[in-house]
2 protein chains.
Amino acid sequence: MESVREKLQIFVRRFGLLNAASCDNCCGEQVSMVQSHILFEVRRLQNPSMQQIADALGMDVTTFSRQAKTLEAKGLVSRRVSADDRRVSHLSLTAAGEDVLSRIDRYMADNIERIFSSMSAFEQETVIRSLGLLNDALATSGCCGVSQNNTVACCK
Amino acid sequence: MESVREKLQIFVRRFGLLNAASCDNCCGEQVSMVQSHILFEVRRLQNPSMQQIADALGMDVTTFSRQAKTLEAKGLVSRRVSADDRRVSHLSLTAAGEDVLSRIDRYMADNIERIFSSMSAFEQETVIRSLGLLNDALATSGCCGVSQNNTVACCK
DNA sequence: ACCTTTACTTGCATATTGCAACTATTTTTA
DNA sequence: TAAAAATAGTTGCAATATGCAAGTAAAGGT
């Protein structure tokens with residue numbers, strides 16, 4: 001029998017690969033997979049600081065700093081120093097950045113649609129509800145991305 | 001409203017982080033995250049060839065070759081040349097490898113239990129069934145890990 | 001004013017990755 | 001059956017990603 005862990009592991013891996021394929025196929029050399037995750041989060045959390053994004057992605061701020069610089073150089077994000085606190089920089093998508101991200105969106109949406117198309121309407125709804133449940137449970141349990149000092153890395 | 005894509009993306013990222021934490025927390029310097037995925041697959045596909053594992057993980061064979069060498073050097077997997085075809089090497093877990101993997105298993109199982117504990121029995125069952133549905137749908141759709149030449153990378 | 005904390009950046013050393021090119025072993029084919 | 005093509009896996013190499021330690025600069029606390 002397949003364990004829950006196994007199901008999760010395999011699902012996550014497959015979706016990760018889909019994600020990678022998405023970067024490759026619709027914006028080729030433009031962005032790497034981490035970079036597409038960054039674009040995704042910049043849009044999701046509106047006007048986030050560097051630290052916020054790094055936390056959301058569970059990545060080291062120093063690594064993030066460099067990736068942000070790269071994305072800025074590519075003209076996909078822009079940076080604005082906060083008026084309140086001049087230490088913090090807020091990132092936002094440029095028009096080009098939004099464009100890249102929406103191409104990725106479209107690719108993912110197509111694939112998700114194809115994936116879901118093999119299910120009945122009822123199944124689809126069940127699956128979507130389950131994903132919501134899982135996300136809530138993950139956020140509540142606070143056990144993802146917990147580092148040794150017990151700081152939660154990602155579950156905002 | 002949160003889109004399905006958003007739900008999936010976030011869930012996958014969180015689980016990925018949990019996975020990373022799992023490597024860190026229970027076998028620290030021992031194995032990286034990709035390496036734990038490799039151990040996982042070596043066990044799952046019994047006596048797989050190099051190519052098979054690389055395919056399952058959607059990774060380049062050359063990268064895999066090096067990772068395999070590292071894991072062998074660490075004494076976590078062992079390699080046996082096939083009798084049928086002396087080009088292929090089959091990998092298997094050593095006792096040490098099984099040990100590491102089962103520590104990761106335990107860590108993951110604990111976390112998964114904690115995550116699921118906030119749900120009702122009914123919800124748990126729904127979620128687990130949904131994961132099965134999703135995996136089947138992903139495998140059927142053949143859209144994960146499809147590279148430019150249309151070869152499916154992972155959905156065996 | 002001084003000390004501490006916070007946000008972010010850089011130096012450095014290491015690890016990961018993919019492509020092209022290589023060896024070794026089948027398999028095909030002419 | 002000998003030569004050609006395909007397959008499994010390995011290296012060279014150059015690019016990229018990563019994390020830690022140490023730095024700068026700006027707030028905040030006392």
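Only this structure's heavy atoms are used, side chains among them; waters, hydrogens and symmetry mates stay out.
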Closest to the A:T63 side chain, choosing from C:dT9, D:dG19, C:dT17: D:dG19

Is a donor on one side and an acceptor on the other found under 3.5 Å between the side chain of A:N19 and the backbone of A:M33? no

Is the side chain of B:R14 donor-acceptor paired with the backbone N or O of A:N135 at a distance under 3.5 Å, no angle test? yes

Give the rounded distance in Å between these two atoms: [atom1] of [X] and [atom2] of [N].
{"X": "A:Q67", "N": "C:dT16", "atom1": "CD", "atom2": "P", "answer": "17 Å"}
{"X": "B:D24", "N": "C:dA15", "atom1": "CG", "atom2": "P", "answer": "15 Å"}
{"X": "B:D85", "N": "C:dA24", "atom1": "CG", "atom2": "P", "answer": "15 Å"}
{"X": "A:R80", "N": "C:dC8", "atom1": "CZ", "atom2": "P", "answer": "12 Å"}
{"X": "A:M50", "N": "C:dT6", "atom1": "CE", "atom2": "C1'", "answer": "14 Å"}
{"X": "B:F64", "N": "D:dT11", "atom1": "CZ", "atom2": "C1'", "answer": "16 Å"}
{"X": "A:K69", "N": "C:dG11", "atom1": "NZ", "atom2": "C1'", "answer": "11 Å"}
{"X": "A:Q51", "N": "C:dT5", "atom1": "CD", "atom2": "C1'", "answer": "13 Å"}

State whether the distance check finds a donor on one side and an acceptor on the other, under 3.5 Å, for side chain [X] versus base [N].
{"X": "A:T62", "N": "C:dC8", "value": "no"}
{"X": "A:R87", "N": "D:dG28", "value": "no"}
{"X": "A:R86", "N": "D:dG28", "value": "no"}

Reading DNA chain D from 5' onward, which residue's closest nucleotide shows up sooner: B:V88 or A:M59?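 Final value for this comparison: B:V88.
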
Heavy-atom nearest nucleotide on DNA chain D for A:A83 versus A:D60: which residue maps closer to 5'?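 Mapping each residue to its closest nucleotide by heavy atoms, the 5'-most match is A:D60.
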
Heavy-atom distance under 4.5 Å between the side chains of B:Q30 and B:R103, does that happen here?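 SC-SC contact between B:Q30 and B:R103 confirmed.
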
Check whether any side-chain heavy atom of B:V31 lies under 4.5 Å from a side-chain heavy atom of B:L71, and answer yes or no. yes

Is B:R79 close enough to D:dT10 that one of its side-chain N or O atoms is under 4.0 Å from OP1 or OP2 there?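 For D:dT10, OP1/OP2 do have a side-chain N/O of B:R79 under 4.0 Å.
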
Strictly by modelled atom types, are A:R13 and B:H37 linked by a side-chain donor-acceptor pair under 3.5 Å?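 A pair is found: one side chain offers a donor N or O, the other an acceptor, under 3.5 Å apart.
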
Given DNA chain C, 5'-ward residue of the pair B:D84 and A:R66, judged by closest heavy atom: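 Nearest nucleotide further toward 5': that of A:R66.
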
